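Taking it in order: structure first as structure tokens, then the write-up.
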Amino acid sequence: MHSFTYSTARSVDEAIALVGDKGRYLAGGIDLLAELKDYLVTPAPDILVNVKRVGQPGGPAGGAGDAKMGLLNGIVHVAPAGKEGEAYKLGANVTIAEVAANAALKKAFPGLTHAAGEVGSTQIRNVATLAGNLLQHSRCWYYRHPDVTCQKKGGDKCLARDGENRYHALFTGGSCVTVAASNMAMVLTALDAKATVRRGKETVTLSMPDLYAKAWTDAAAHHSLAPQDFLTSVTVPTLRKRSAYRQQSERKEFDWALVSCAAAGNVNGGVLTDARVVLGCVAPIPYMSLEVNNFLQGKPLNEATATAAADMLLKGARPLSQNGYKVPLAQALVKRALLALNETAG
Amino acid sequence: MPTLPDHTPIAAAALGQGRGPQAAKAEILWPTPARVLSTDVLRVDAREKVTGEAKYASDVQPPGWLYAMILRSRWAAAKVTAIDTSEALKVPGVKSIVLAGGEQRRVRYYGTELAAVAATSKQACLDALRAIKVTAEPLPFVVDERDAMKEDAPRVFDGPNLSAPGVKQEGDVANALSSAAAVVEGELSTQVQIHHPLESHGNTIVVKDDGATVWASTQGIFSVRDGIAGNLKLPQSNVQVICDYMGGGFGAKFGPGVEGGLAARLSKETGLPVKLMLTRLEEGLAVGNRPSSIQKIKMGASADGKLTAFEAETVGTPGTGGGGETAGGSGGANVATPYIYKVPNFKVQQRAVATNAGASRAFRAPAHPQGSFGTECMLDDLAVKLGIDPVEIRILNDPGENRRKEYALGRDKFGWKEKYKKPGSSPGPIKTGVGCAGATWGGGGRGTRAEAQINSDGTVEVRVGTQDLGTGSRTLVAMVAAEAFGIRPDQVVARIGDTRFPPSGASGGSTTTASLCPGVWDACQNALAELKTRSGMADVAGPNWAVACRKIGINPISAQGEWKQGLSSSGSGGVQFVEVEVDTDTGYIRVKKVLALMDCGLIVNTLTTTSQINSGIIMGMSYALHEERVMDKATGVVLNHSFDTYKITNLADTPEIECILLNMPERGVIGIAEVSNVPTASAIANAVANAIGVRVPSLPITPAKVLAALGKVPKMSA
């Protein structure tokens, strides 16, 4: 890899100052170092800023970190149960394993903890962070190949579109057919979570669709954030009492989903309200349709409703030469995730 | 000793139907009943391996060692005109750069070795590789075997891509097909599988003026020795190859390889030790693979299920290892078909097609898994068509007496009669199915010498110039000596993995155990005879051992011995039963259970034998469901060079495996490694077809292919 400076930040302000305009933040380090070793990141960063110590109490730079942001490694219940604005705030550095094992989250958002449990392997979940999972880069094998220049790396065309595309997108707003593969993104989109991002001096709040919108059309983008933007936390409202996640991979464990589906909503007397259904690994962004969400409002939660929603969500799919199987697979997972909302367990 | 209820050695005679024809006349040369042999003995080096104390080729760090890495062609086909290393040599830490095959040359696949660099750090190597300027004229190429067969395809070599057909025939197949009661036909295909041993290829090498020492990850210490000696023009006697431990080879690690030759030259140039281990990406390119196959098969039988006709046309790609001007590599891409079956009328026509891809190499039972898949799938389809139970049709047609017994025994153990249902008839979206298949392999031994030394304190050393490919060689040496001397395996120090020990063959063809055990046994018998002479005691075993040894005197007893026919023989076999669950909504296959009934003569160590069978089954499952090299037609690169997309079956998918070993001491020792790998994929494919009622004709059987076979995948939109 190219050489770089390594620095540890104690606060978000310090991290932003250190990262400059050519640096990268380093948290779990699951993928960034691998990308650097394969020379995939251009231009190569001149500094890696370790953000694992941001807001950690007792560090040499001391203090409780950035008070406005709260601790980056905490899971906090915001506003008491039943009150307006009740939510959980998940710090950026919370590990996927912590999400998967958190008892309160398991009760409030079973789909979220289920999805966390499906990320990578035990070893990866123990180290990988929430922000790293949300902002992960494409797994497209053309993007990942050190000797291939695809559109995502500045090449003039998407090589998967007419090439080996079994793992690629059914939907895209541009020409790149990579897929968003973050498990957490799918469930957090279904739960209508909001991401808090420090952008220079400002703090901005992005909806999950906003967090990914740029990747829909811009082949070079993996998400909407600039390398200097600092995602500090994700706030998940408890408005939806039911959530579920289903994914199908080629292998049972430690494998990317071929397709994943997250659903969330409320179920009262067998009737669905506030429902959201999101598909993963079928588009460069978490794929959701307002039309489908609206259709589900007030519908009885049964096989017929789930089937109709699944068909509607896959209506505009544009399969490539090798990924047509994702259509029936996605339909099956939409049905299973929606029907799982009948259960409290997710 | 832990008890392991998942495997059950049983005497073949206990099967009731008498012994095989060889058994009837064979004299039993191994002790019966054995005291140590045919029991569970933990690997003598298990502790070293688990704690990390075991030193592999990549762990060795001779003083002053350098890292080395290889520059490979970025082009799938090109005429290289210049390789400029001047800038690279200026990179701090770089000590030497050597070219792999001259400056001007043709390259025929992505990953061809062009040069290698040695430097004081890995990063310096990487920087140097990026600083080497290669000028080349790209040429047209073809990486897909179906494309390569087309008339206007780019030629990989000067000659045509497609080799002339090799034809074998007997009887009148056309007539037999037209008069058969039932005929099935299909096109079955298998993928290119990459060996991907977890320890990559490579060596640590020290070359001095008068000789060399090589720590190799190899299946053949003597073939590495001879290769390096030839490469450096050194006397073979002055090259020592050491392989104390190695992390898998599967047929891809016989010689020093291009990487070994480059490391040796770099060490010679620099006068320093050089370590060159390949990266995972490189493992996917240039160090072997199992050729693909496309098999068009017609199979016919009489109404009672007896096979009468078999016709096959096959083609596969061994990459640059076959077709055109070479017939090297794996020797083409032929498959073993109609595999274990003897069909009176058959015609088999086989060809290889060259592609711009790394050459194939021998891979755990070369030609067998492909041949088994084509034949066993068609046989099941034929059984269904005739309304005959798949186990019945095999017992009817399989010429192997042991396998027929294994089918009969396995059918009951597995509960086949209760589990086998009409294809696709299990209710609900998640369907269960069962399948079975059989396999054969040689696995005989060959010339090995061994040396046994008995010291006056009763300790024993046995030296054999073999290597442990993972089968537990060191443990087997200790067990055989312990059996011979009437002592415990832990009283024996087994020394292997060094060309300074008496020679044994390379570990290929499931021959290692059958080669070294007879050699060790013979050496121990000779040592034992001398101990009896020196001690003047007729019985030196067990409680007498220490007393007898004290009488040895100053010079330890040292005796040699050699492999002898009869202590080993050839012809291992087995059958496997599989139960699967297929989710017809998602296409996901769960292998629930595999029952293996295997025979390999005398079982030396039931624990390591079972371990071999487990590994064969898991690898076979991986071939059936997960592994596949994916190449890009437009760029010629291997796309899935990393384990997140080159998928290998992992523990979560590994099914319950039950092994029943048929112990036949009268046959001597026979290898089990390859035969255990062969039938798994075929049995899984048959179980999937039984579950969903439709044949998935190509490996690996992915969710995408299951959904397609079920007719659930929509036509592509324009």
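The structure displayed is predicted, hence computed values, not measured ones.
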Under a 3.5 Å cutoff, is there a donor and acceptor pairing between the side chains of B:D644 and A:W256?
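Yes, side-chain donor-acceptor contact under 3.5 Å.
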Sorted by number, residues from residues 694-702 of chain B in contact with chain A (heavy atoms, under 4.5 Å):
B:T702
For B:A704, is it the side chain, the backbone, both, or neither that has a heavy atom closer than 4.5 Å to a heavy atom of chain A?
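It is both, since atoms from each part get that close.
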For atom NZ of B:K133, is the number of surrounding heavy atoms from other residues, nucleotides or ligands below 6.0 Å larger than 12?
yes
I need the [X] [atom1] to [Y] [atom2] distance, nearest 0.5 Å.
X: A:C150; Y: B:D632; atom1: SG; atom2: CG; answer: 11.0 Å
X: B:N650; Y: A:F254; atom1: CG; atom2: CZ; answer: 8.0 Å
X: A:K252; Y: B:T649; atom1: NZ; atom2: OG1; answer: 13.0 Å
X: B:T586; Y: A:Q331; atom1: OG1; atom2: CD; answer: 13.5 Å
X: B:N640; Y: A:Y167; atom1: CG; atom2: OH; answer: 7.5 Å
X: A:D255; Y: B:F643; atom1: CG; atom2: CZ; answer: 13.5 Å

So which residue, [options], ends up with the most heavy-atom pairs under 4.5 Å with chain A?
options: B:K712, B:K633, B:K647; value: B:K647
options: B:I589, B:V630, B:L126, B:T635; value: B:V630
options: B:V638, B:V706, B:L625, B:L281; value: B:V638
options: B:H626, B:K705, B:R74, B:R590; value: B:H626

A:P328 side chain near B:P714 side chain, heavy-atom distance below 4.5 Å
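Result yes, sub-4.5 Å side-chain heavy-atom pair found.
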Below 4.5 Å, heavy atoms only, C-beta onward: do B:L707 and A:L329 meet side chain to side chain?
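Counting from C-beta outward, B:L707 and A:L329 do come under 4.5 Å.
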For the interface with chain B, which of A:E164, A:K37, A:R166, A:E250 has the highest count of heavy-atom pairs at distances below 4.5 Å?
A:E250
Residue part contacting chain B, namely of A:S3, when any heavy atom lies under 4.5 Å:
neither
Counting only non-hydrogen atoms closer than 4.5 Å, does A:R336 touch chain B with its backbone (N, CA, C, O), its side chain (CB onward), both, or neither?
side chain
Regarding A:R251 and the six-membered ring of B:Y588, is the cationic atom NZ or CZ under 6.0 Å from the ring centre and inside 45° of its axis?
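No - A:R251 does not lie over the ring of B:Y588 by the 6.0 Å and 45° rule.
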Is a side-chain donor or acceptor of A:H145 paired with a backbone partner of B:H641 at a separation under 3.5 angstrom?
no
